[in-house]
K.L.:
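Can you read through this structure? Questions will come right after.
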Number of protein chains: 2
Amino acid sequence: MSPTSTQVARRDAILAAAVAVFGAAGFADAGVDEIARRAGVAKPTVYNHFGDKRGLLLESIRWATARAQQRVMGALSGLDPSAADLRAELERVSRALIECLLSDEGTAVMRLQVSEQHHLAELDSLRLGARQATVEALAGRLAIIAAHGRLRLPDPVLAARHLMALTSDEPLAESGFGARRLQPDEVVGPVRDGVDTFLAAFGVD
Amino acid sequence: MSPTSTQVARRDAILAAAVAVFGAAGFADAGVDEIARRAGVAKPTVYNHFGDKRGLLLESIRWATARAQQRVMGALSGLDPSAADLRAELERVSRALIECLLSDEGTAVMRLQVSEQHHLAELDSLRLGARQATVEALAGRLAIIAAHGRLRLPDPVLAARHLMALTSDEPLAESGFGARRLQPDEVVGPVRDGVDTFLAAFGVD
DNA sequence: CGGTGATTGAACTCATGAGTTCAGTATTGT
DNA sequence: ACAATACTGAACTCATGAGTTCAATCACCG
């Protein structure tokens, strides 16, 4: 019996609600009743789809991680290696990346993976895999820029990690890993500074 | 009535046990019974000292943050601005800082502050204050090195933030914010790379 | 249509753990 | 020595929320 479209829609609604509630309250304080209510679904339906609360948490994180990863890849593919103003282009893409990290879904995933690891050792590889995929995608774009002679990169993967660290560390800390919404200029400044240092280390001027 | 020394010792034992249990299990999954048992104390004694579970959490985080901060300051004061090998000295101190972050107490504080923010908005300033104090202490040491003409630092505070970001980002992510114990070489390599990039940006060679 | 399986809503069971009570026992300051 | 105060241990209350049950209803597929 292949699932009907309304079944898929219900499943997605449950997952979206679960990510929101788990992300806001944490696993233990989240109520299955509230997730069902937000999804517009009866409680037994949740148990029908996901077995139990822990199964729902696992699927929620897998689902949200995949979605976040897609958004990240979209942001990275927007990096134009031949943009006239390299500095501005790096700042733009770094801001887009941070936007993904600090979105509601992004912060929910981050916080759950940090705080609920005792529930989900099996998702460690997912977390690290997502990080590595992001780093490598960014490294690929940076390598193209380096091939154009506009960056000096002995190790593109390392440079990618360092660009992300330089630009995202401060906004992440300042926002309390997504607990507080940042003002735009709380991202713009740190990103500019981070790209400054990145170009001081890897630029060709 | 000033507290006796055994009262202080009991209080500290409770706080140490609470940090360990809260850090491992999270607020909701931590049991006051277990904290009391680990502290070698009866449950009503815990309630005598801290009122309720939330009060215990708050005091635990304040206490552990202060202790971690002291260790961090100790590590920073060990930075010798006139060390013969600047690169090695920066690596050494960065490793010591990461050691503090990834210690049992350090990771407990970090994870609680990330995951239990809905319980403790009032501790936001504590978290940011600790971070800022660390950054400024490191900035002070870096400024001395710059005054010796061994670094080119337009903004020592910014440089301090970037040094910390470059060296600690990868080990923190790799360890899942303290969930997994790192092998020594999982710290050494990333720190060397981070200091490399730092010196490429701010070195005087 | 008619039947099969999913969904609903409401009531239910049951385990867990926070917080309390209290009578008895250590500790401490005077 | 003697209050006064803190601590113990064990039993207790009580709120909460996971997971279940079931009869009634709905959605889809032949």
Side-chain angles (χ1 to χ4, degrees), chain A residues 1-61 63 108 112 115-116 118-120, chain B residues 1-61 63 108 112 115-120 122:
Chain A
M1 225 150 293
S2 77
T4 71
S5 70
T6 68
Q7 268 177 318
V8 172
R10 251 192 285 254
R11 191 187 150 89
D12 279 3
I14 296 172
L15 287 169
V19 169
V21 174
F22 282 140
F27 179 69
D29 286 343
V32 176
D33 288 279
E34 195 196 340
I35 292 171
R37 200 178 46 71
R38 280 214 211 183
V41 132
K43 186 157 68 148
T45 302
V46 175
Y47 285 92
N48 251 2
H49 279 270
F50 300 101
D52 61 4
K53 196 186 181 186
R54 194 170 167 283
L56 175 57
L57 176 67
L58 252 69
E59 269 324 294
S60 303
I61 294 184
W63 184 81
L112 287 174
S115 59
E116 312 296 345
H118 42 296
H119 294 293
L120 5 109
Chain B
M1 233 149 292
S2 77
T4 71
S5 70
T6 67
Q7 269 178 319
V8 172
R10 252 192 285 257
R11 191 187 149 89
D12 278 4
I14 296 171
L15 288 170
V19 170
V21 175
F22 282 141
F27 180 69
D29 286 344
V32 176
D33 287 280
E34 194 195 341
I35 292 171
R37 197 178 48 72
R38 281 212 210 184
V41 132
K43 185 156 71 148
T45 303
V46 175
Y47 285 94
N48 252 1
H49 279 270
F50 301 101
D52 60 4
K53 194 185 181 185
R54 194 170 167 283
L56 176 57
L57 176 68
L58 252 69
E59 270 323 296
S60 303
I61 292 183
W63 183 81
L112 287 173
S115 58
E116 312 296 345
Q117 269 160 341
H118 44 296
H119 295 291
L120 5 110
E122 60 251 67

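Each chain gets a letter, A, B and so on, in the order the sequences are listed, and its residues count up from 1.
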K.L.:
Take the protein atom CG of A/Asp33 and the nucleotide atom P of D/dT16, then report the distance between them rounded to whole Å.
P.N.:
13 Å
K.L.:
With sequence neighbours left out, write down each residue that passes side chain to side chain donor-acceptor pair (under 3.5 Å) with A/Asp29, or none if nothing qualifies.
P.N.:
B/His119
K.L.:
Who are the side chain to side chain contact (heavy atoms under 4.5 Å, CB included) partners of B/Arg10, not counting sequence neighbours?
P.N.:
B/Thr6, B/Val41, B/Thr45
K.L.:
Rounding to 10 degrees, work out the angle separating the end axes of the helix from C/dG3-D/dC28 to C/dT30-D/dA1 (five pairs an end).
P.N.:
40°
K.L.:
Excluding sequence neighbours, so at least two apart, what forms side chain to side chain donor-acceptor pair (under 3.5 Å) with A/Arg37?
P.N.:
none
K.L.:
Looking only at heavy atoms, which two atoms of B/Ala42 and B/Ala36 are closest? And how far apart?
P.N.:
C-CB, 4.1 Å
K.L.:
Compare every heavy atom of A/Ala17 with every heavy atom of A/Ile35, then report the nearest pair and how far apart it is.
P.N.:
O-CB, 3.6 Å
K.L.:
Could you name each residue pair satisfying salt bridge (charged side-chain N to carboxylate O under 4.0 Å, His left out) that touches residues 38-54 of chain B, not counting sequence neighbours?
P.N.:
B/Asp33-B/Lys43, B/Glu34-B/Arg38, B/Arg54-B/Glu122
K.L.:
Quick one: pull up CD1 in A/Ile61 and CG in A/Leu120 and give me the separation to the nearest 0.5 Å.
P.N.:
4.5 Å
K.L.:
Restricting to salt bridge (charged side-chain N to carboxylate O under 4.0 Å, His left out), what partner residues turn up for B/Glu59, sequence neighbours left out?
P.N.:
B/Arg11, B/Arg62
K.L.:
Return a single string for nucleotides 25-30 of chain D, one symbol per nucleotide in 5' to 3' order, where B is base contact, S is sugar-phosphate-only contact and - is none, cutoff 4.0 angstrom on heavy atoms.
P.N.:
---S--
K.L.:
Return each pair, listed once, that meets ring pair (Phe, Tyr, Trp, His ring centres under 6.0 Å) where at least one residue sits in residues 32-51 of chain B; pairs must be two or more places apart or across chains.
P.N.:
none
K.L.:
Kindly state each residue pair satisfying side chain to side chain donor-acceptor pair (under 3.5 Å) with at least one member in residues 15-27 of chain B, sequence neighbours excluded.
P.N.:
none
K.L.:
Which of residues 36-57 of chain A sit near DNA chain D, with a heavy atom under 4.0 Å from it?
P.N.:
A/Lys43, A/Pro44, A/Tyr47, A/Asp52, A/Lys53
K.L.:
List in chain and number order the residues that pass side chain to side chain contact (heavy atoms under 4.5 Å, CB included) with A/Ser60, two or more places apart in sequence or in another chain; answer none if no residue qualifies.
P.N.:
A/Leu15, A/Ala18, A/Val19, A/Phe22, A/Leu56
K.L.:
Between B/Ala39 and B/Ala13, which heavy-atom pair has the shortest distance, and what is it?
P.N.:
CB-O, 3.7 Å
K.L.:
Give me the residues of residues 17-29 of chain B where at least one heavy atom lies under 4.0 Å from an atom of DNA chain D, by number, or none.
P.N.:
none
